[in-house]
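Read the structure below first, then the notes.
Here is how names work: the chains are called A, B, and so on, in the same order as the sequence lines, proteins then strands, and each is numbered from 1.
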2 protein chains.
Amino acid sequence: MIQKYVYGNPIETGAVVQEVSKSEGSSVLLHLSETDEGLEFSCRMNENDVVYGLGEQVRGINKRGFSYISYAADDPVHTENKHSLYGGHNFLILYRQDGAEQTSFGVFVDDPGKVVFDVGETKRDLLKIRTGKDCVVYVIEGDSLKDLAKQFRALTGQSYIAPKWAFGYQQSRWGYLNKSDVKTVVENHRREGIPLEAVYLDIDYMENYKDFTVDPERFSDFPEFVGEMKEQGIHLVPIIDAGVKIERGYRVYEEGVREHYFCREENGENFVGAVWPGKVHFPDVLNTKARAWFGGKYRWLIEQGIDGFWNDMNEPAIFYSEKNLKKVLHEISSIQDDNLDLNEFFHMQEIVEGLCNHPQDYQSFYHDMDGVTVCHDKVHNLYGFYMTRAAAEAFEEIVPDQRILLFSRSSYIGMHRYGGIWTGDNESWWSHLLLSIHQMPSLNLCGILYTGSDLGGFGSDVTEDLLLRWMAFAVFTPLMRNHAAAGTRMQEAYQFDAVESFRNLVRIRYALLPYLYSEYMKAALSDEMYIRPVSFDYPKDRHTFLVEDQLMVGESIMIAPVYTQNAGGRYVYLPEEMMLVRLRSDRKRTYQVLAGGHHYIDVALDEVVFFVKKNRMLPFAVLGDDVKTTQDVSPDRLVWIGFTDDWAEYTLYDDDGISRRYTPKEEWKMIRLSKGEMEGVSADASIV
Amino acid sequence: MIQKYVYGNPIETGAVVQEVSKSEGSSVLLHLSETDEGLEFSCRMNENDVVYGLGEQVRGINKRGFSYISYAADDPVHTENKHSLYGGHNFLILYRQDGAEQTSFGVFVDDPGKVVFDVGETKRDLLKIRTGKDCVVYVIEGDSLKDLAKQFRALTGQSYIAPKWAFGYQQSRWGYLNKSDVKTVVENHRREGIPLEAVYLDIDYMENYKDFTVDPERFSDFPEFVGEMKEQGIHLVPIIDAGVKIERGYRVYEEGVREHYFCREENGENFVGAVWPGKVHFPDVLNTKARAWFGGKYRWLIEQGIDGFWNDMNEPAIFYSEKNLKKVLHEISSIQDDNLDLNEFFHMQEIVEGLCNHPQDYQSFYHDMDGVTVCHDKVHNLYGFYMTRAAAEAFEEIVPDQRILLFSRSSYIGMHRYGGIWTGDNESWWSHLLLSIHQMPSLNLCGILYTGSDLGGFGSDVTEDLLLRWMAFAVFTPLMRNHAAAGTRMQEAYQFDAVESFRNLVRIRYALLPYLYSEYMKAALSDEMYIRPVSFDYPKDRHTFLVEDQLMVGESIMIAPVYTQNAGGRYVYLPEEMMLVRLRSDRKRTYQVLAGGHHYIDVALDEVVFFVKKNRMLPFAVLGDDVKTTQDVSPDRLVWIGFTDDWAEYTLYDDDGISRRYTPKEEWKMIRLSKGEMEGVSADASIV
């Protein structure tokens, strides 16, 4: 049951697709009070209450013990004290283990400005949500965690579906400067027998960082190059940035200015920020016409054969605004070094550092929301959503029956219908591998299914062992992309001694593809979660609410990634008897049935392990020696890995992987096998 | 067996106290090669080799998988990618599980300039140590991990011994501005029944941050105030910073200039850096006369009743140097904002941020090492050591028979004879609680026994649960000090709802004091480690080498702190049958015997747990209702907690806690009790 409460005059965000009639007053579950700045909703938490959700944030799966601020931030250092990352995902579930079931609830705050969730940071037993004066609050009650999640997804719409090839292994790096760099990446993967599906083009492919341009020298004859790559099974995925370079004669800029498609300052002039291209204007994607115009620009690349994009810098990131830079330079020029006291010195450092993404900049430009002028600050979290919506709506016109890969850095609930996200500029830290494990179920709960982290870490130098462990986890995330920043250690899989282990890890991904794709598609088409906290499947087992480093992936399996350096394995909690599957390669598989309870499991650096639930099974592809892409994974050459003493069922989804003609539910294949027809069914069996 | 290899013309650092005759050539255990920059020592590592040591660094107890750079850094953000923290602790043990025992070895690189330890970061199986051209390398071979550790300590000398009161609970905060603030802290602890031993005076107690001054208004009648506090059992511990403020008429400055006691630039002028007081000179503590002069300055505070100090900013930290600031301001003034391109912009940010602790500044001033001019860069890691040595040598003259609490931020091996360290400006992060767990055994291995982290975290806002868990760990660290930065949430124990839990945690510390002090003193006087990795006690158990979050504390117990948010407990590995001791307060104790192997142990937020080894015991003080300080812990009111099926022995060390007349070994009390005389001996007993 969903109650909708409307406060003030909220902006229509597009987050919700379900008609819900408005309830009077306020929810009894949340105490409402008004403050000078806005509204405050609060609620006591019992000692064992658990809070799930909030999407892309720091800390654990259970969000208790910190304050999270939805205000999209271009901040690459995702340490524990950061209150905001790139998105605004204002949905949480408060699950009450101790009380009656109906006291658990979900709450979605539809407010695209700053929203604060103090989940027991200030006082351990108090949840406080602070919003603006104008917002819509949805309170969801339901039977179970899964039911609450499903109701929320029905409210906000079906999740984006990527093409099947986007479930293959992908390689990226900020710093592939030309065609030769890209070809080298492909050749090295092919030579080493590491399947590869896509190579990303970061900002360097553009001409002076201008959106919808391709550098004519470094990427000459671009359509031919795209075609050449496609012949090798490689999709090129260019980045699109939010800011449009201010440059006379640059068509996108000229059109935008002429048609008034850019965000403006109070005085009507186009707002000037600086990002990679230098000074830019920001397309007013919250305006219907401007959005259609900007989305239409993707056509130029699609017509050259491009079928995947990543939208970046769309918080929007602002290195500096023209006016703020002037102010700061003026202030510094007045400093006489002979009389600089320490406060002045710190102030100088602060204002220079503070030029980036300055709050006042976000308060100083405006959108024309189809006739209504709205300060950016009030709708800040919509920008990445609407930039991505611009692209997705255009794709519907340009290639109505084709799936295009599309994901974004910034997002808001509702954007999950148009594209996925990646989790932004993480670091080559073990703690960020764990953070990624924590973020996946939180994002799934908010409807963002197509997602993954920069594996190996974007910033800092990766080490071989970290990349191995990260990839062993990323085998299970929809987006499996190795990405790194310019200036860091080269981190393509073939750069390391353990290239054979990397090949095996990626091949394991491809062998699992029939399962992973089937599970992703069923989750997307049925409004369910692809990756879930363990407690969602075992809510009667209180210990599962304490499990922060194991995840359910699809209907049949649980994973328990290793995320600490120099570990030889890890502890795993099994909520019931399960079968451990240990993969040293797609061909070296062993099985072991383990009793429910606590276990220490050895996991070598080059192994992938997962656990099959009782009376469940999964398809596993028999791969040829030379698998290059998802095309080489045949749906007809499957073995079934199952754990049962009798028989098990599995619903297999498949489709052509590229059109939007999804297989209707009644045609999903129900497969029922007895234990004799499966691998791994008997305890301690070892099948190589 | 210790081999000493001398390369070039090394500087005498004072790290080593044992005479070791020089060996010819180079160690067969390390392959030596010469590069343009210096020497490179390398060695292959087997898959299961473990590397211990390196003192104050990031990452795990096993140091494999990263590069560590000994070059003392004033960097408060201790994330996984930081190669340098505050100290230079160039000792490691490479322990070979797979080979013959004798292939394990320790190596100490006595080079106070930059030394790089690439412990398998670049290549997983390769250890590389890069030093300058002039250094001494000691290679230690021995029978066991404990033996290697002990030989190293014999080489480098007996560890510093703090007064017993410094093992009590201590409170600090940057921002106690006056006497009233300090009194409030004391009153609140006393009112809440939380024992308290010391309050720290951070930089604000000084007059304009001038060393060896006390603000005459905010801390008027200072000796009387020190006395008043002492009557309440409170020691005041002032901070001493490395930089001496440049100010006409300020005596320390005037004397230093007159006597040429400051570090100088190449042209002979005193080097000018800026730190808290604004512009400063740095005392040349590497010069014997200057060191004696600077150390002598502590007398003024001792004569006012002070008996504890913490030496800070002695990497030395430099916010900016006068000349570099001039250069940067000049460069910025030439920027015309109309033509600022992005590279210029990033450059501007970089040079402004880079003013702090700029490498070129360290290369641009010089020490007069008793006649020999040495560039600071070459002896950088000695500065904190020698500042602390200055104080300690002075104390020997001023109060020859009294122990003075003394610890430092920066350090080098050798300094452990003169004082302890705290682990610098950490953050209120769960990962920093874990980092502290990792650092304690590494520091102990390097001889630094008196140490601890800022509990609750220095930067960022702490939460109640983090502080509870951190304190439950810090019960076992010699320095148990709550410290926080100005501007962060107030984090004294009495600021939280769970004040009763905090009281219990601190009282547990005091009840354990007879054990903790006894173990510390035995370790210090016998050149042993107070806190050790589990593998040091159980080297035949291969799993112990994988244990990164449990520690041996003293001869009888193992600890396994909880360091994750929203955890209800944790996994613990017992290398043998042990007895779990669970303390909800000093009076609520339960015991449970657990078999060797893997366990999940529930640990509530307000509990302390530890594990008693088989046939070991420990003294536990029976506390009165109103324990204020260590003085209130009577050595005559002990119970013995033991785990044995027959009898156990314990060697109890005690002394007056303040004089330097340590109890000689032959007078240490051997106590032998049968199980009837102990608590906890029988399985599943529950004694309240």
Side-chain angles (χ1 to χ4, degrees), chain A residues 50 59-60 62 64-66 77 79-81 120-121 123-125 274-278 319-320 322 325-326 329 332-333 335 337 340-342 345-346 348-349 352-353 355-356 427-431 459-461 463-466 497-498 543 546 548 564-569 571 573 598-600, chain B residues 50 59-60 62 64-66 77 79-81 120-121 123-125 274-278 319-320 322 325-326 329 332-333 335 337 340-342 345-346 348-349 352-353 355-356 427-431 459-461 463-466 497-498 543 546 548 564-569 571 573 598-600:
Chain A
V50 179
R59 304 230 172 186
N62 180 355
R64 286 188 71 162
F66 195 57
V77 188
T79 46
E80 284 172 54
N81 56 319
E121 181 188 49
K123 283 180 84 69
R124 282 191 61 237
D125 62 351
V275 215
W276 296 118
F319 293 158
Y320 62 84
E322 191 174 48
L325 179 65
K326 274 186 190 163
L329 288 172
I332 295 179
S333 72
I335 292 174
D337 59 67
L340 184 71
D341 81 8
L342 219 56
F345 170 71
F346 288 135
M348 177 181 83
Q349 286 203 317
V352 171
E353 203 191 329
L355 279 164
C356 287
E427 294 267 339
S428 297
W429 297 347
W430 291 84
S431 57
S460 301
D461 292 333
T463 53
E464 186 181 79
D465 55 345
L466 176 58
D497 293 336
H543 190 78
L546 298 171
E548 287 271 331
T564 50
Q565 192 158 31
N566 298 315
Y571 290 101
Y573 177 69
H598 302 288
H599 296 268
Y600 182 87
Chain B
V50 180
R59 305 228 173 186
N62 180 355
R64 286 187 72 162
F66 195 59
V77 188
T79 46
E80 285 172 54
N81 56 320
E121 181 188 50
K123 283 180 87 66
R124 283 191 62 238
D125 62 351
V275 215
W276 297 117
F319 294 157
Y320 62 85
E322 191 174 47
L325 179 66
K326 273 186 193 167
L329 288 172
I332 295 179
S333 71
I335 292 175
D337 58 69
L340 184 70
D341 81 7
L342 218 56
F345 171 71
F346 288 137
M348 176 181 82
Q349 285 203 317
V352 170
E353 203 191 328
L355 280 164
C356 287
E427 293 268 338
S428 297
W429 298 347
W430 291 85
S431 57
S460 301
D461 292 333
T463 53
E464 186 182 79
D465 54 345
L466 176 57
D497 292 337
H543 190 79
L546 298 170
E548 286 272 331
T564 52
Q565 193 158 30
N566 298 315
Y571 290 101
Y573 177 68
H598 302 288
H599 297 267
Y600 182 87

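Looking at A:R64, both its backbone and its side chain come within 4.5 Å of chain B, counting heavy atoms on both sides. With a 4.5 Å cut-off on non-hydrogen atoms, B:V77 does not touch chain A at all. Contacts of A:D465 with chain B are made by both backbone and side-chain atoms, with heavy-atom separations under 4.5 Å. The contact between A:F345 and chain B is made entirely by side chain atoms (from C-beta outward), counting heavy-atom distances below 4.5 Å. In this structure, no portion of A:V50 lies under 4.5 Å from any heavy atom of chain B.
Checked against side chain to side chain donor-acceptor pair (under 3.5 Å), A:E80 has the following partners two or more places apart in sequence or in another chain: B:S431. When the side-chain contact (heavy atoms from CB on, under 4.5 Å) test is applied to B:S460, the partners found at least two apart in sequence or on another chain are A:N81, B:E427, B:S428, B:W429.
Interface summary for chain B: among A:L342, A:D461, A:T564, the most heavy-atom pairs under 4.5 angstrom belong to A:L342. Of the residues considered (B:E548, B:H599, B:M348), B:M348 shows the highest number of contacts with chain A, using heavy-atom pairs under 4.5 Å. Ranked by heavy-atom pairs under 4.5 Å with chain A, the first of B:F346, B:Y573, B:F66 is B:F346. Between chain B and the residues A:V275, A:V352, A:T463, A:D125, the largest count of heavy-atom pairs under 4.5 Å involves A:V352.
A donor-acceptor pair is defined here as one N or O able to donate and one able to accept, closer than 3.5 Å; such a pair exists between the side chain of B:N566 and the backbone of A:N62. Of the possible donor and acceptor atoms, none in the side chain of A:E353 sits under 3.5 Å from a partner among the backbone N and O of B:Q349. Checked by atom type and distance alone, the side chain of B:Q565 pairs as donor or acceptor with a backbone atom of A:G65 at under 3.5 Å.
Heavy-atom minimum distance, A:L546 versus B:A567: CD2-C, 4.3 Å.
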